[in-house]
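To keep things clear, I will list the structure first and then write my remarks on it.
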Amino acid sequence: QFQLVESGGGLVQPGGSLRLSCAASGFRLDYYAIGWFRQAPGKEREGVSCISRSGGYTNYADSVKGRFTISRDNAKNTVYLQMNSLKPEDTAVYYCAAVPYMGSSCHQLRYNYWGQGSQVTVSS
């Protein structure tokens, strides 16, 4: 019954903002690194951001650095992705994923638990 559920996606104009949430059920996220990924039609899935178990380490793809912020609230068993200054090229299905990991280098991990995705569309 382990499950990750993304929410918060939708349609937004360029320059707008959205906040995605990734909520875990069936297990606690305390011991898990969390990554956000996205996949646009015809393109490979790419890593967007990740956060370590403690939240002390974060990583961002160059394409989103300075615009997106990842955070986590382990008490709520939830990870967030705040997306500001959205661009049309940010349009994709966004997925959160988890892997048990004690260290900091979450960008080098292979994630084994995945949500079903949330559509983000940036268009005028």
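Every value quoted in this text rests on a predicted model; they were computed, and no experiment measured them.
You'll find the side chain of T69 stays beyond 4.5 Å of the side chain of S49, heavy atoms only. Contact annotation: the side chain of I70 never approaches that of V48 to less than 4.5 Å [non-hydrogen atoms, C-beta and beyond].
With sequence neighbours left out, the salt bridge (Lys or Arg N to Asp or Glu O under 4.0 Å) criterion links R28 to D30. Shown here are the side-chain contact (heavy atoms from CB on, under 4.5 Å) partners of E46, two or more places apart in sequence or in another chain: R38. Applying the side-chain contact (heavy atoms from CB on, under 4.5 Å) test to D62 and every residue at least two apart in sequence or in another chain returns K65. Take A23 and apply the side-chain contact (heavy atoms from CB on, under 4.5 Å) test, not counting sequence neighbours, and it matches T78. Partners of Y101 according to the ring-ring contact (aromatic ring centres under 6.0 Å, His included) rule, which considers only residues two or more places apart in sequence or in another chain, do not exist here. The side-chain contact (heavy atoms from CB on, under 4.5 Å) test applied to S104 returns Y57, not counting sequence neighbours. Y31 meets the ring-ring contact (aromatic ring centres under 6.0 Å, His included) test with no other residue; sequence neighbours excluded. Scored by the side chain to side chain donor-acceptor pair (under 3.5 Å) test, R53 finds no partners at all (sequence neighbours excluded).
Applying the disulfide bond (SG atoms under 2.5 Å apart) test to pairs two or more places apart or on separate chains, those with a residue in residues 30-80 are C50-C106. Applying the ring pair (Phe, Tyr, Trp, His ring centres under 6.0 Å) definition to pairs two or more places apart or across chains, those involving residues 1-30 are F2-F27, F2-Y113, F27-Y32, F27-Y113.
Between the CZ atom of F68 and the CG atom of L20 there is a distance of 8.0 Å, given to the nearest 0.5 Å. S25 contributes atom OG, which lies 8.5 Å from atom CG of N77 (distance to the nearest 0.5 angstrom). With rounding to the nearest 0.5 Å, the separation of OG in S52 from CZ in R72 is 7.0 Å. With values rounded to the nearest 0.5 angstrom, L18 atom CG is found 9.0 Å from L11 atom CG.
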Please tabulate, for side-chain N and O atoms in residues 79-87, each donor-acceptor pair with protein atoms closer than 3.5 Å (sequence neighbours left out).
unit_1 : atom_1 : unit_2 : atom_2 : d
Q82    : NE2    : N84    : OD1    : 2.9
N84    : OD1    : S17    : OG     : 2.9

Can I get a per-line list of side-chain donor-acceptor pairs under 3.5 Å for residues 115-124, giving both atom names and the distance, sequence neighbours left out?
unit_1 : atom_1 : unit_2 : atom_2 : d
S118   : OG     : G9     : N      : 3.3
Q119   : NE2    : A92    : O      : 3.4
Q119   : NE2    : T121   : OG1    : 3.3

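Under the 3.5 Å distance criterion, the side-chain polar atoms of R45 are left unmatched by any main-chain donor or acceptor of Y95. Side-chain atoms of Y111 do not come within 3.5 Å of backbone N or O of C96 as any donor-acceptor pair. Not one N or O on the side chain of R110 forms a donor-acceptor pair closer than 3.5 Å with the backbone of V99.
V93 and W36 are assigned to two separate hydrophobic clusters, defined by single-linkage of ILVMFWY side chains at heavy-atom distances under 4.5 Å.
Heavy atoms only, all atoms of each residue included: A33 and L109 are closest at CB-CD1, 3.8 Å.
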